[in-house]
S.K.: 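Below is a structure I'd like to ask you about.
Just so you know, residue 1 is the first one in the sequence shown, and it goes up from there.
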Amino acid sequence: MITSLLVANRGEIACRVFRTCRDLGIATVAVYSDADADALHVREADSAVRLPGAAPADTYLRGELIVKAAQAAGADAVHPGYGFLSENADFARAVLDAGLVWIGPPPAAIEAMASKTRAKELMGIEPLKVEEVAEADLPVLVKAASGGGGRGMRVVRELGALSGELDAARAEAVSAFADGEVFVEPYVEGGRHVEVQIMADAHGTVWPLGTRDCTLQRRHQKVIEESPAPGLPPELVDELHAQAVRAARVTEYRGAGTVEFLVAEGRAHFLEMNTRLQVEHPVTEAVFGIDLVALQLRIAEGHPLAGEPPTAHGHAVEARLYAEDPAAGWAPQTGTLHRLTVPGVRLDTGYAAGDGIGVHYDAMLAKAVAHAPTRAEAVRKLAGALERAAVHGPVTNRDLLVRSLRHPEFTSARMDTGFYDRHLADLSAAAPDPHAPLAAALADAHGRSRFGGWRNLRSQARVKRYRTEPEGAEHEVRYDHTREGLTAEGVRVVDATSTLVVLEVDGVRREFEIGRYGEGGDDRVYVGTSRGVTVLTALPLLPEPTARREPGSLLAPMPGTVVRVADGLTEGARVTAGQPLIWLEAMKMEHRVSAPASGTLTALHATPGHQVEVGALLAVVQEEESA
C-alpha cells in the first residue's frame, strides 16, 4: 500500500499527480531545481527536496539524486510524470533497486519501446538506414530515438541538408533526454496523428481506452488534442486498438501507455509507444469518467483492472496554452504571470498568479479541457472559455488557439499535420480591440483623479498614447473630464473605475476589465473583454528616440543560451540570405538565427555558452549592393 509518493518531475504534471494523491490520502513529495525553488508544485507538496549541483535544465535528469530524495523524505513510491526520466529504464531500475514502488511499466518494457527503432522492429517494421537514404526516400523525418515532445525532430526535404539536420537533432536530443541516438523514417504528409491510450495490469488484462487525435502540432509538438479521434471508420478504430494491445502484450506491459500512429488515406502507420502518462491524458479521463493517475497507482499496488473497459461518453478537447509568440516563429516568452483564469473548463497548470516563467523549461502554462455530449459542443465550449480567459503576463498563443478551434478545417475535422504550415499567418495575425486603448486611458484617469476632474472652463482634451503588444502598433486616444464625468468622442462612457470601464459603442454596451501590474516591473496594461485580452504599453506623449541599430543587425529573438555558431563563421565571412548562422537554446528547444540577406558578416558577438537577453545584438550582416 502506497502511503507517500515522490513525483520525479515539475510543473503541471507534478501538480496533477499531487491532486490525485490528495484525493486518495497519499502524502506527496516534490523535488526541485534552484530555478524552481518557489514553483507551484513545490508549494503544493507536503514536503520538498532540493536537487543540488546541476544546471536547472539538467536537474530533473539526475536520477541518483531523485532516488536519494525519495529515501530522505520517507517516500515509498516514485511517479515519473512525463518527459525527463519518465522513459528511462535505468532510472526505473534504480527506483526498484532502492526498494521503492515504481509507478510505470517494467524496465524491460521501457527499454523495448523507449528506442523508437527497437519499437518498430517489435511491431514488424523495418526502419530506414541513415546511410542509405536517397533522393527517392525524401522527404524524411529525423527523430530522436528516445524521448518525445517534438525535441530532436527535423523534416528533411533536400538530401544535402540531411547531415546538418542529423547533427542538430542529436544535439537537441542530448540536451533534452541525455541520449543522442537519432534515426530517420519516411515523412508522411497530409496525415493525422492518432493515438490509443492503454492501461494494462499485472494479471494479463489490457484496456484500449478509445482514440485521441493530436493532429494540430507546431514543431512536432501537440497543440490541440481530442477524444475520440473524429471521423474514423469503425474498422480502422478496431485495427488501431488491436495494434495497441499487441504492443502491450509483446512487451508484457503494465500501467499507462500510449501507442501513436499516423493515419493517412485510411491506413495506420505505427510511429512509437510512449511508456508513460501523456500530456493529453485529460481528454481520455473526461470521456471515460476515470482518473488515469489513480489507475496507475492501483496497478502499481498489484490490483487488477476490474471488469470490462469503461464506456466512453461524449467528446473532449484539450488546448495547450503556451508562453510563446506564434507570429515570431513560436518564440518562447518569459516574465511574470500576473493572472490566469479560464472559466467553465478543467484547467491543469503548474503556475499561479505572481509566478515567474523562465528560460529553462518547456513554455506550456496550462492545459484547458472541455467535455460535452458532442464534438461541436465541446469545441465551442473550449473556444469560448479561452476567449474569455484572463491571461495577464508574457505573450501567449491564446488567440491562436481560439482561432484554430473555430477554423473550418478543424470544426469539420478535415485537419492534417500541415495545418499550421498553411494557416499560421492568418491564425496569428494581430487583432487588438480598437477600444482597448481608450478603456485603458479612462481607467488610468479615474485612478489618478481625486476630484472628478471638473473645471469651470473647458480644458483641452487629455491625450494618452499606447502601443499594442506584441505587434507594436501605436495608438493615440483623447478624453475629457466634464461635469458629467469622463467623456470621449464616438462612445458613451457608462462607468469607469481603475479596474473596470463600461462603454456604449454604437448602442451596444461593452465591459473592459483592466489589469495593471507596474510595481512588479511589468509596465503593461491588460484590457480584457468577452473577445479576449489586448495587451498595451503606455508611451510618453512625445515619442522617445529609437535606439539605432546598424542595418542587418541580428538580434536575439528570445532570451536563451548560444549553443553554437556555424562552422568557420568569422567576421569578414561571406553569407547568403537564409543561411543559419547562430543557434540559441531556450526551453530545451534549439532556435536558428539566420542571415537576413546575402552579404558580409561585419560583426559577431555570439559566443557558445553565453546567455543572452531578448533583443541582444548577436551579429551584423552588411548586405551586398545590387548591381
Side-chain angles (χ1 to χ4, degrees), residues 57 164 168 171-172 175 218-219 322-336 356-360 363 393-397 400 424-425 428-430 467-474 521-524 535-537 539-540 543-625:
E172 198 167 86
S175 174
R218 95 287 192 259
R219 292 184 168 180
Y322 286 94
E324 66 183 10
D325 185 356
W330 311 98
Q333 306 291 298
T334 60
T336 302
I357 301 161
V359 301
H360 303 294
V395 173
T396 73
N397 66 336
L400 174 126
L424 179 60
S428 60
R467 181 179 63 241
T468 53
E469 306 292 353
E471 65 275 5
E474 295 187 5
D522 185 341
D523 61 353
R524 291 175 173 176
V535 184
L536 305 167
T537 297
L539 300 175
E544 295 177 332
T546 304
R548 292 186 176 272
R549 288 286 191 192
E550 293 182 58
S553 294
L554 278 68
L555 308 181
M558 67 206 70
T561 302
V562 177
V563 291
R564 58 194 174 104
V565 298
D567 291 341
L569 189 67
T570 59
E571 293 182 5
R574 175 83 168 74
V575 299
T576 58
Q579 176 185 343
L581 303 180
I582 299 162
W583 284 260
L584 298 179
E585 183 186 90
M587 300 183 183
K588 308 296 280 186
M589 295 287 286
E590 280 194 2
H591 305 266
R592 297 175 182 172
V593 179
S594 302
S598 296
T600 302
L601 188 75
T602 59
L604 179 61
H605 303 291
T607 304
H610 284 191
Q611 285 202 326
V612 295
E613 296 300 320
V614 63
L617 181 64
L618 302 176
V620 179
V621 174
Q622 182 177 336
E623 186 174 354
E624 61 187 13
E625 296 183 6

S.K.: Could you tell me which residues satisfy ring-ring contact (aromatic ring centres under 6.0 Å, His included) with Trp583, sequence neighbours excluded, listed by chain and number?
M.R.: none
S.K.: State whether the number of non-hydrogen atoms from other residues, nucleotides or ligands found under 6.0 Å of Gln579 atom CD is greater than 12.
M.R.: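 Yes - once you tally the heavy atoms of other residues, nucleotides and ligands closer than 6.0 Å, there are more than 12.
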S.K.: Decide yes or no for Thr396 and Gln333: does some side-chain heavy atom of the first lie under 4.5 Å from some side-chain heavy atom of the second?
M.R.: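 No, every pair of side-chain atoms sits at 4.5 Å or beyond.
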S.K.: To the nearest 0.5 Å, what is the distance between OG1 (Thr602) and CD (Glu571)?
M.R.: 7.5 Å
S.K.: Would you sort out whether His605 and Leu618 count as a side chain to side chain contact (heavy atoms under 4.5 Å, CB included), showing the intermediate values?
M.R.: CA-CA 5 Å; His605 303 291; Leu618 302 176; 5.8 Å; no
S.K.: To the nearest 0.5 Å, tell me how far His610 NE2 sits from Thr561 OG1.
M.R.: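 The NE2 atom of His610 sits 10.5 Å away from the OG1 atom of Thr561.
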S.K.: Using 0.5 Å steps for rounding, measure from the CZ atom of Arg564 to the CZ atom of Arg592.
M.R.: 8.0 Å
S.K.: Between Leu604 and Ile582, is any pair of side-chain heavy atoms under 4.5 Å apart?
M.R.: yes
S.K.: I'd like to know if the side chain of Asn397 reaches the main chain of Tyr322, judged simply by a donor and an acceptor atom lying under 3.5 Å from each other, with no hydrogens or angles considered.
M.R.: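 Here the side-chain-to-backbone pair exists.
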S.K.: Run the side chain to side chain contact (heavy atoms under 4.5 Å, CB included) test on Leu569 and Val575 for me, step by step, so that the C-alpha distance in whole Å, both residues' side-chain angles and the decisive distance to 0.1 Å come before the verdict.
M.R.: CA-CA 9 Å; Leu569 189 67; Val575 299; 4.1 Å; yes
S.K.: Within the 4.5 Å heavy-atom criterion, are Arg574 and Ser598 side-chain neighbours or not?
M.R.: yes
S.K.: Residues in side chain to side chain contact (heavy atoms under 4.5 Å, CB included) with Pro557, at least two apart?
M.R.: Leu584, Val593
